[in-house]
Amino acid sequence: MRHRSLASAASASAPPPQMPPLLLVLFHFHWRHHAARRLSSTTACLHPPPLQHPGASASLLLKLQDHIARGHLSRARHLFDQIPSPDVRTYNDLIRAYSSSPTAAADGLHLYRRMLRHRVAPNNYTFPFTLKACSALADLHCGRAIHRHAIHAGLHADLFVSTALLDMYVKCACLPDAAHIFATMPARDLVAWNAMLAGYAHHGMYHHALAHFHSMQMQAQARLRPNASTLVALLPLLAQQGALAQGTSVHAYCIRACLHRNRKLTDGVLLGTALLDMYAKCGSLVYARRVFDAMPTRNEVTWSALIGGFVLCSRMTQAFLLFKGMLAQGLCFLSPTSIASALRACAALDDLRMGEQLHALLAKSGVHADLTAGNSLLSMYAKAGLIDQAIALFDEMAVKDTVSYSALVSGNVQNGRAEEAFLVFKKMQACNVEPDAATMVSLIPACSHLAALQHGRCSHGSVIIRGLASQTSICNALIDMYAKCGRIDLSRQVFNMMPSRDIVSWNTMIAGYGIHGLGKEATALFLEMNNQGFPPDGVTFICLLSACSHSGLVMEGKHWFHVMGRRYGLTPRMEHYICMVDLLSRGGFLDEAYEFIQSMPLRADVRVWVALLGACRVYKNIDLGKRVSRMIQELGPEGTGNFVLLSNIYSAAGRFDEAAEVRIIQKVQGFNKSPGCSWIEINGSLHAFVGGDQSHPQSPEIYRELDNILVGIKKLGYQPDTSFVLQDLEEEEKEKALIYHSEKLAIAYGILSLSEDKTIFVTKNLRVCGDCHTVIKHISLVRRRAIIVRDANRFHHFKNGQCSCGDFW
DNA sequence: CTAGGGTTAG
């Protein structure tokens with residue numbers, strides 16, 4: 001407090017220092033320049049006064065100044081070259097002009113080199129300009145050279161020079177060097193503090209940045225009151241951390257210090273934008289909107305920050321309205337960034353038509369080549385199911401980065417094209433584009449989808465090598481992958497070892513137990529989740545209920561359903577009712593399930609009835625099945641599965657005419673049944689089979705093996721259950737159609753390829769049929785093999801003639 | 001100052 005400068009002395013009657021009024025702030029602003037000038041001029045005295053220009057007329061020099069002032073750099077250069085031996089000031093003027101335009105920065109450095117060649121000594125004005133050019137070019141090598149020159153000239157401690165050095169190291173991503181400069185500067189002004197803060201902030205060094213800001217506040221001098229630049233660097237950090245309380249107090253400070261109405265117009269826009277962005281990122285859209293409305297001037301960044309904020313908070317419809325409002329103001333605010341946000345809204349709203357209009361807008365406004373917007377367009381098409389469009393767009397893109405590739409990887413996975421996803425990943429590596437966490441989070445589900453454990457383990461290894469293995473989202477994907485690849489033990493290992501878990505981690509692990517029929521373990525984990533104070537969400541209960549359902553834990557399932565509303569205050573959604581119907585009907589309580597549907601507060605949609613229909617099929621309850629299928633027809637079947645189920649019901653009842661009719665309706669309406677397909681991974685490569693498939697190179701052996709097995713198990717009393725065949729065929733023909741179901745072929749191939757101690761793991765895209773289920777049980781007995789089959793629904797562990805699902809498949 | 005790709009349930 002003792003070294004109060006003239007600024008604070010002048011404002012002795014000012015309010016306490018934490019509440020600086022406008023005058024104080026502005027005054028400090030001027031004062032900084034004076035202080036800097038003073039400092040510079042003392043060091044400048046060490047150097048000889050500027051030379052005269054022999055041969056250069058005063059009018060030439062004036063003209064040169066004029067060109068520089070008007071930004072006519074080439075004309076200025078023309079004049080400059082006519083001066084036989086320019087002095088340091090003339091060099092400085094032109095270098096300064098070059099360095100303030102990023103495209104001319106290289107010319108500025110050339111001129112500097114020429115200056116040295118001509119033995120003109122640079123002074124305290126030269127270095128900041130040349131360093132600025134280095135910053136613009138991110139030319140660290142040159143920056144370090146100039147640093148040495150400055151030391152040589154004894155000017156490195158000058159306030160302007162050292163601040164420029166600091167800034168150069170920040171822009172060249174050398175934070176330790178920047179911090180060293182900062183620490184050793186004999187004097188630091190607000191600009192230096194701000195530069196250092198911005199450096200930490202831009203490099204995501206949250207703790208360093210906050211510590212820096214705190215020590216900045218600890219500086220007693222009133223001249224270190226944060227200005228707009230300080231807060232513009234600080235606010236994104238608070239936003240990222242969701243620190244609403246701190247952000248709000250920054251806002252309050254801005255108002256007290258009148259920074260939001262800064263005389264520099266850009267400061268006001270930047271600060272307002274940073275503030276509204278902070279509010280939006282902290283989930284406080286009302287305040288974001290209020291800041292926005294109060295801003296006297298806005299730019300395109302302001303608009304896209306607000307629109308992006310609404311998208312971030314999943315307020316897609318409102319985001320869209322804002323976007324339209326922006327367009328209504330004219331096209332001056334339109335930017336690729338806001339289009340990218342609007343495209344995200346389209347993708348989430350499933351509004352393909354609007355997405356296509358945005359595509360057109362993007363093309364028209366000439367920002368088609370923008371990488372960000374292109375990537376979100378690509379993703380929008382993929383999410384809408386138009387994977388071919390997405391691929392075409394990807395091929396058209398002149399520049400592709402990690403995000404483009406990741407979007408295509410996940411687009412393929414979302415459209416059920418796991419193998420293509422791997423191909424894209426390979427291509428990405430061939431093109432030397434580095435995968436990051438998001439890429440891997442997209443790729444790992446492809447392994448889950450294929451149940452390709454070897455691929456999954458490779459991905460796990462790759463994630464470890466890249467140092468991503470401790471990230472929560474990566475671990476979540478790994479838990480899911482191991483569970484779906486039949487290694488629930490490894491899922492649990494990943495779960496146990498991960499440093500921090502989120503709700504997805506718990507849900508995924510519970511779901512993993514569920515598909516393995518480990519209802520007790522699922523319940524235990526749910527209880528542990530409670531003990532650790534993790535509040536379950538709606539998805540948790542879907543996972544838990546379906547786990548009970550797959551394990552035949554009907555009573556427990558009912559219990560949790562009631563607890564969900566009563567203890568956790570969660571309102572059941574349609575998905576929960578589906579789980580309950582599934583639970584009851586799978587357990588054989590068909591009538592109770594029917595009554596349950598009648599008593600639902602929501603109007604049951606098709607999916608609810610389909611859950612019941614599946615059980616009618618299994619329990620061969622044709623009466624109820626008829627009623628249910630009538631409901632389904634009324635509601636209109638969605639997707640293919642329902643047609644197949646319905647047709648199956650009729651087939652099983654021997655009513656093939658009606659079964660055929662359903663098939664015809666299906667064809668007419670354009671739903672194609674996806675063919676049953678099974679696959680097995682042997683030594684890291686996948687072998688896929690469809691029913692009656694003979695395309696595999698080892699087909700003859702496979703069929704021989706399968707026939708041998710069938711002869712063997714028929715002796716044990718196995719009778720093919722021909723009710724599972726869909727077409728209307730003669731009994732003998734039906735039997736043949738059954739024999740060569742894809743899962744049987746894959747298992748036969750597994751027996752041939754794997755030694756006896758190895759578990760055979762087969763995956764099927766649809767559900768395993770009842771006949772195959774019986775046959776596989778027999779195989780596990782006569783061939784003494786452990787067999788795991790993952791179907792569209794769950795896992796079946798076959799061993800010694802038994803199945804883990806207790807035949808409630 | 002803004003912004004693109006990502007994990008769970010059926």
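To find a chain, count down the sequence lines: A is the first, B the second, and so on, and within it residues start at 1. Heavy-atom basis, side chains included; hydrogens, waters and symmetry copies ignored.
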- [ ] Look at all strands and tell whether A:Lys400 reaches a base, only sugar-phosphate, or nothing, counting heavy atoms closer than 4.0 Å.
- [x] nothing

Open item on the list: Need one value for A:Ala477: base, sugar-phosphate or nothing, where a base atom within 4.0 Å counts as base even if backbone is also close, heavy atoms only.
Closed with: nothing

- [ ] For A:Asn530, enumerate each residue passing the side chain to side chain donor-acceptor pair (under 3.5 Å) test, keeping only those at least two apart in sequence or located in another chain.
- [x] A:Tyr568

- [ ] With sequence neighbours left out, write down each residue that passes side chain to side chain donor-acceptor pair (under 3.5 Å) with A:Arg492, or none if nothing qualifies.
- [x] A:Asn496, A:Tyr513

- [ ] Would you list the pairs meeting salt bridge (charged side-chain N to carboxylate O under 4.0 Å, His left out) in which at least one residue belongs to residues 290-308 of chain A, sequence neighbours left out?
- [x] A:Arg289-A:Asp293

TODO: Mind checking A:Val539 for me? I need base, sugar-phosphate or nothing, with any heavy atom below 4.0 Å counting as a touch.
DONE: base

TODO: Could you list the residues that satisfy ring-ring contact (aromatic ring centres under 6.0 Å, His included) with A:Phe422, not counting sequence neighbours?
DONE: A:His455

TODO: Would you indicate what A:Ser304 reaches in the nucleic acid, counting non-hydrogen atoms under 4.0 angstrom: base, sugar-phosphate, or nothing?
DONE: base

Task: For A:Ser585, side chain to side chain donor-acceptor pair (under 3.5 Å) partners two or more places apart - done: none

TODO: With a 4.0 Å heavy-atom cut-off, tell me which residues in residues 493-505 of chain A come close to DNA chain B, sorted by residue number.
DONE: A:Val504

Task: Listed partners of A:His251 passing side chain to side chain donor-acceptor pair (under 3.5 Å), at least two apart - done: A:Tyr279

- [ ] Ignoring hydrogens and angles, tell me if any N or O in the side chain of A:Thr273 forms a donor-acceptor pair with the backbone of A:Val269 under 3.5 Å.
- [x] yes

Open item on the list: Regarding A:His202, tell me which of base, sugar-phosphate or nothing describes its non-hydrogen contacts under 4.0 Å with the strands shown.
Closed with: sugar-phosphate

Open item on the list: At 4.0 Å (heavy atoms only), tell me whether A:Ser376 reaches a base, stays on the sugar-phosphate, or touches nothing.
Closed with: sugar-phosphate

- [ ] Using a 4.0 Å heavy-atom cut-off across all strands, classify A:Asp436 as base, sugar-phosphate, or nothing.
- [x] base

Task: Any residue meeting side chain to side chain contact (heavy atoms under 4.5 Å, CB included) with A:Glu556, in chain and number order, not counting sequence neighbours - done: A:Lys520, A:Cys548, A:Leu553, A:Trp560

Open item on the list: Is the ring pair A:Phe561/A:Phe596 parallel, tilted or perpendicular, if the boundaries are 30 and 60 degrees?
Closed with: perpendicular

Open item on the list: Heavy atoms only, 4.0 Å cut-off, all strands: where does A:Ser442 land among base, sugar-phosphate and nothing?
Closed with: sugar-phosphate

- [ ] Under 4.0 Å between any heavy atoms, over every strand shown, what does A:Thr302 touch: base, sugar-phosphate, or nothing? Just pick one.
- [x] nothing

TODO: Would you indicate what A:Thr439 reaches in the nucleic acid, counting non-hydrogen atoms under 4.0 angstrom: base, sugar-phosphate, or nothing?
DONE: base

TODO: Go through DNA chain B in 5' to 3' direction and return only the first and the last nucleotide with some atom under 4.0 Å of chain A's heavy atoms.
DONE: B:dC1 to B:dG10

